[in-house]
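Below: one structure, written as structure tokens.
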Amino acid sequence: MKQRVSALLREKFGREVVLEKPRDRSFGHFATPIAFSMAKELRESPMKIAEELASSFNESDFFSSVDSVKGYLNFRLSENFLNEYAAWALKNPDQFAKQEKNEKILLEFVSANPTGPLHIGHARGAVYGDTLYRLAKHLGYDITAEYYVNDAGNQIDLLGLSIQLYGRESILKESVEYPQSYYRGDYLAPLAQDAVVKFGIEILSDESRQKELALWAKDGVMEIIKKDLAATNIFFDTFVYESSLYKDWDRVMVKMGDGIYKKEDKVFIASSQKSDDSDRVVVREDGRPTYLAGDIVYHNQKFERGYEHYINIWGADHHGYIARVKAAVEFLGYESAKLEVLLSQMVSLLKDGEPYKMSKRAGNVILMSDIVEEIGADALRFIFASKKSDTALEFDLSEFKKQDSSNPIFYIQYAHARIKTIISKSDLSEDEIMSATLKNLGENADMLMFDALLLPEIIEDAFSSRQVQKLPEYLKSLAASLHKFYYDCRIIGTEDEAKLLKLLMVVGLSLRTGLSLMGITAKDYMTKEED
RNA sequence: GCGCUCGUAGCUCAGCUGGAUAGAGCACUGGUUUGCGGUACCAGCGGUCACAUGUUCGAAUCAUGUCGGGCGCACCA
């Protein structure tokens, strides 16, 4: 809709035209301050230019009016156009707001180490990534969701150690001295028990078998992680294992050319030649690769697979790492501009105004699964999708347990349920409703319909700006318009019943489509929960 | 110290590719249909958009600086 207006104006004026929402809805559907920018070159007052521009529009199928107000141009779309667009959307709900972008994108996110269940910080990145993924799919991108499994390196040994410690204490009843770093939490219990069944009791005490134990256990941990994700409606297309990549290391080193050098028996990447502060070690004296080495082979593999664009979602504490990986990508002979790194910031939780307590049981972190259990997957997704991902966030769980308009997810669901209910109450058949014409609706209904038809623009904007919070913002305001309209305007039993119901169907379609892009299923009726 | 980032209502946050009177929810105060789900709606209260300078017809938005918060600056992952 906006694209069409924009294209039409670009052709008419021969320049890009900024379109925005009018200050006051009664002004029209779209507005542009174009007269201000033309004022300077034409040496005329903006008001006069706007008036001349406004009068240069004839009556067209597209605009019913074009007015100038204080230098702004305000456009009103014709009823013909809106009616046809709405009718098309209702007939083709699966096509509504879709596009065919086709670009091949690789989206890597979560990629938490396979050493324990996901915590609340992972959840934010997970929701952000999955929402981008859903938006991209809807826009027709050929996008792949990928999880990189760090199953090599120290953290794997640490997992083995942690299972042994847990088993020695709880199964062998030894008194165990805990080192400074190890993993803890209830999830170790079944791993320790299964390990005993599979390997025998001696696996718990034999330090030389830590790695063997961990390499077996990591698959179990990955199952836990996948379960956490699935409970929030998040699924991946591909999993890439770090351990499977090192066979390519020699070849990748050669490919890096001058980007790599040896010094004091260590291998460095000359990342300071690019935008990094200093060169980094990639292979230690004893031959063990560093964390960066894994990412170099991984990114080489990504680029060899041939995508047009790469998006990584990382925790914000890794931001200093971006320059190194980009340097490596360039040494490998690829355009680092194709690699886009998005950051997901920390989350602090409150409950009833107090900091949320981390439980010993969980290993002194806040588990994603605990929060899902407490407020539900829908609310969790909604919260994380409604805030800019790259700024720190603090929120109170208790707000999302309420069953009223202060809980945005509830508010939107209720709007959708109201639409469903009223349509089922009407005596009119679906054919009668669908054959109504959406014209002469009056100001309020007209604006409601326009709002509902804005979804395609919102989706496109939310994805291309990577600002997914634009979608929940939109859904909240559409729900508010619906509730207000419902309150102000009686529908059943009036002359306009058919066309008003049709209008509500359009709103319902937008709400439902928008929610599904957030991984949330729209409800057809609400049930009151008792505390 | 260097780098990244944030600072908007009492609280949690939108708005930031410059545009008309800076928004929402919570909290607080008051109100609402002889009717479709009051799980809703409306109104009031509340702001030096951290501060300063600059660019511009126009700055919460861009630039520079200052102050304040967070994060990072490993041969850890």
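Only this structure's heavy atoms are used, side chains among them; waters, hydrogens and symmetry mates stay out. Since the structure is predicted, the reported quantities are computational estimates derived from the model, not experimental observations.
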Q: Any chance you could lay out the side-chain contact (heavy atoms from CB on, under 4.5 Å) test for A:Lys351 and A:Leu349, step after step, and finish with the verdict?
A: CA-CA 7 Å; A:Lys351 186 173 178 179; A:Leu349 278 186; over 6 Å; no
Q. Which one is paired to B:A43, where only Watson-Crick or G-U wobble pairs with both distances under 3.5 angstrom count?
A. B:U29
Q. Please walk me through it: do A:Asp496 and A:Thr494 pass side-chain hydrogen bond (donor to acceptor under 3.5 Å, both in side chains)?
A. CA-CA 5 Å; A:Asp496 291 336; A:Thr494 65; 5.7 Å; no
Q. If you check every side-chain atom of A:Arg490, which of B:G35, B:G15, B:A40 has the closest atom?
A. B:G35
(Q) Nearest to the side chain of A:His319, heavy atoms from C-beta on, is which of B:A14, B:C71, B:A77? (A) B:C71
Q) With a 4.0 Å cut-off on heavy atoms, is A:Asp461 in touch with a base, just the backbone sugar-phosphate, or nothing at all? A) nothing
Q | C1'-based separation of B:G30 from B:G35 [nearest Å] | A | 25 Å
**Q.** Along RNA chain B (nearest heavy atom to each residue), the more 5'-positioned of A:Ala392 and A:Leu292
**A.** A:Ala392
Q: Would you say whether A:Tyr72 stacks on B:A20? The test is a distance between ring centres of less than 5.5 Å and an angle between planes of less than 30°.
A: yes
(Q) Quick check on B:G15: is either OP1 or OP2 less than 4.0 Å from any side-chain nitrogen or oxygen of A:Gln469? (A) yes
**Q.** Between P of B:A74 and CZ of A:Arg288, the distance in whole Å
**A.** 18 Å
Q | Phosphate-side-chain proximity, A:Arg418 and B:G38, N/O vs OP1/OP2 below 4.0 Å | A | yes
Q. Taking for each residue the nucleotide of RNA chain B bearing the nearest heavy atom, is the 5' side occupied by A:Gln155 or by A:Asp390?
A. A:Asp390
**Q.** A:Tyr72/A:Phe36 aromatic ring centres below 6.0 Å
**A.** yes
Q: Send over the distance from A:Leu19 CG to B:G18 C1', rounded to a whole Å.
A: 16 Å
Q. Any side-chain N or O of A:Tyr411 less than 4.0 Å from the OP1 or OP2 oxygen of B:G38?
A. no
Q: Nearest 0.5 Å please: distance from the OG1 atom of A:Thr131 over to the CG atom of A:Leu517.
A: 9.0 Å
Q. Could you state the interatomic distance from CG (A:Leu504) to CZ (A:Arg418), rounded to the nearest 0.5 Å?
A. 10.5 Å
Q: Check every strand shown and say whether A:Ala31 touches a base, only sugar-phosphate, or nothing at a heavy-atom separation below 4.0 Å.
A: base
Q) What one-letter contact string describes nucleotides 21-32 of chain B from 5' to 3', where B marks a base within less than 4.0 Å of any protein heavy atom, S marks contact via sugar-phosphate atoms alone, and - marks no contact? A) S-S-SS-----B
Q. Rounded to whole angstrom units, what separation is found between the CG atom of A:Asp317 and the C1' atom of B:G72?
A. 8 Å
Q.
With a cut-off of less than 4.0 Å, is there a side-chain N or O of A:Asn154 near OP1 or OP2 of B:A77?
A. yes
Q) So which nucleotide from B:C13, B:A77, B:C36 ends up closest to the side chain of A:Glu394? A) B:C13
Q. Checking all strands, does A:Leu393 fall into the base, sugar-phosphate, or nothing category for heavy-atom contacts under 4.0 angstrom?
A. sugar-phosphate
